[in-house]
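Report on the structure given below.
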Protein chains: 2
Amino acid sequence: MSNLKTSLKIGLQILSVLARSESRPVSVRELALELGQSEKYLEQLLLPLRHARLVTSLRGPHGGYHLSRPPSHIALLEILELMQGPVTFCDCPSRQCAECVSPAMWQTLEACMETSMAHVTLADVMTMRPPKLPARVGLSPVWVENGLGI
Amino acid sequence: MSNLKTSLKIGLQILSVLARSESRPVSVRELALELGQSEKYLEQLLLPLRHARLVTSLRGPHGGYHLSRPPSHIALLEILELMQGPVTFCDCPSRQCAECVSPAMWQTLEACMETSMAHVTLADVMTMRPPKLPARVGLSPVWVENGLGI
DNA sequence: GATAATTCCTAGTAATACGATATGGAATAG
DNA sequence: CTATTCCATATCGTATTACTAGGAATTATC
């Protein structure tokens, strides 16, 4: 079973299509044809993307959606949080519940994921390249030199 | 919503209890009392732990479960994979499906999580301390010095 | 204006996963 | 003989998720 929601995966596909046709807006109908999903479903997924101003919409004939920013300025973390919620390993507010066992542990691991994904951009996703990451990222995990061109 | 299953969290609680009473085996009944869960439920959770030889069982009177290894030699990753399945962001076998968008991306992120959790031990979890991690871990993410005693 | 293309919004339904419980008994060992 | 693990299955409730549906609002074009 995948740990990622379908909505995130399709959301990424949507954004990829929008990124490829920078110039003109893409209608939901076109997206539906290209991605093999229903228009209504894609509409729903576009809603949060628009509210977060990741995409901009144009109504009326020849309307559609386009990216609000260049793909290299859209972090995977943003998309992930929009489409499948925050990266939380335990969501008790106090971080002191029995389930927490070790709050510091979960927080560290959450930060690990977040920092990593904050440095991956839509451009990286599209080009199928491993992401460009700095050698070190704050106090959190980083990709290090790995012979893959980073 | 938490991204971790309850079974993992309770699994960790079980292992913590076992770790604290190293010397003698702990029966399911005792676990049930201590953790406030039904015996049958805990039995179910203990099954995969035993099959993976993380815990050893003794039958008959005064029987019960104990850890097969010291807590410092049980990686969080093992527990996680046993209790809530592998860390997979896309589970198509080919890694070439439409949902993949960027197989290299998911693989890198999966490796990030896995490597991080592979270096966290049950001992870390129990002591509520941030994990001890080497300054660098292969080609994957690491925790770096962060003033928390690592 | 009228019309048609499109986004926008709100609900609702259907399928699935998951947590949790329940039952019943076989095997094992003090 | 009794306490316990072991194992299988199945069931139920609920939360989440995927997906559908209908129609209001907006805008370009004729």
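We name chains A, B, ... by the order of the sequence lines, and we start the count at 1 in each one.
- By the side-chain hydrogen bond (donor to acceptor under 3.5 Å, both in side chains) test, E78(B) pairs with R69(B), sequence neighbours left out.
- A donor-acceptor distance shorter than 3.5 angstrom exists from the side chain of E110(B) to the backbone of F89(B), with no hydrogens or angles considered.
- Minimum atom distance to the side chain of Y65(A) is reached by dC8(C), of the listed dC8(C), dA18(D), dA20(C).
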Atom pairs under 3.5 Å: protein N/O with N/O of nucleotides 28-30 of chain C:
unit_1  : atom_1 : unit_2 : atom_2 : d
dT28(C) : O4'    : R59(B) : NE     : 3.3
dT28(C) : O4'    : R59(B) : NH2    : 3.4

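- Listed by residue number, the members of residues 28-42 of chain A with any heavy atom below 4.0 angstrom from DNA chain D are S38(A), K40(A), Y41(A).
- Every residue two or more places apart in sequence or in another chain was checked for a side chain to side chain contact (heavy atoms under 4.5 Å, CB included) with P61(B), and none qualifies.
- The backbone N or O of H73(A) sits nowhere less than 3.5 Å from a side-chain atom of T121(A) that would complete a donor-acceptor pair.
- Among residues two or more places apart in sequence or in another chain, the salt bridge (charged side-chain N to carboxylate O under 4.0 Å, His left out) test is passed with R53(A) by none.
- Each of L42(B), L31(B), I14(B) was compared with Q37(B) under the side-chain contact (heavy atoms from CB on, under 4.5 Å) criterion, and only L42(B) meets it.
- For H51(A), a side-chain nitrogen or oxygen approaches OP1 or OP2 of dC9(C) to under 4.0 Å.
- Interface remark: the E43(A) side chain does not form any donor-acceptor pair with the dT7(C) base, using a distance-only criterion of under 3.5 Å.
- Per the geometry, CG belonging to L18(A) stands 14 Å off C1' belonging to dT7(C), to the nearest Å.
- Taking atom NZ on K5(A) and atom P on dT16(C), their separation rounds to 18 Å, with Å as the unit.
- Atom CE of M83(A) and atom P of dT16(D) are 18 Å apart (whole Å).
- When rounded to the nearest whole Å, the span between CG of L8(B) and P of dG19(C) equals 10 Å.
- Of the possible donor and acceptor atoms, one in the side chain of Q84(A) sits under 3.5 Å from a partner among the backbone N and O of K5(A).
- Here S57(A) does not reach the OP1 or OP2 of dT6(C): none of its side-chain N or O atoms lies under 4.0 Å away.
- Straight-line distance from the NZ atom of K9(A) to the P atom of dT17(D): 14 Å, rounded to whole Å.
- Looking at heavy atoms from C-beta onward, V125(A) lies out of side-chain contact with I79(A) at the 4.5 angstrom threshold.
- L46(A) comes within 4.0 angstrom of nothing in the nucleic acid, heavy atoms only.
- For T6(B), taking side-chain heavy atoms from C-beta onward, the closest of the listed nucleotides dA11(C), dG19(C), dA18(D) is dG19(C).
- Separating the CG atom of N3(B) from the P atom of dA17(C) is a distance of 17 Å, rounded to the nearest angstrom.
- We find that CD of Q44(B) is positioned 12 Å from P of dT9(D), with the value rounded to whole Å.
- Among residues two or more places apart in sequence or in another chain, the side chain to side chain contact (heavy atoms under 4.5 Å, CB included) test is passed with R20(A) by S16(A), V17(A), E34(A), M126(A).
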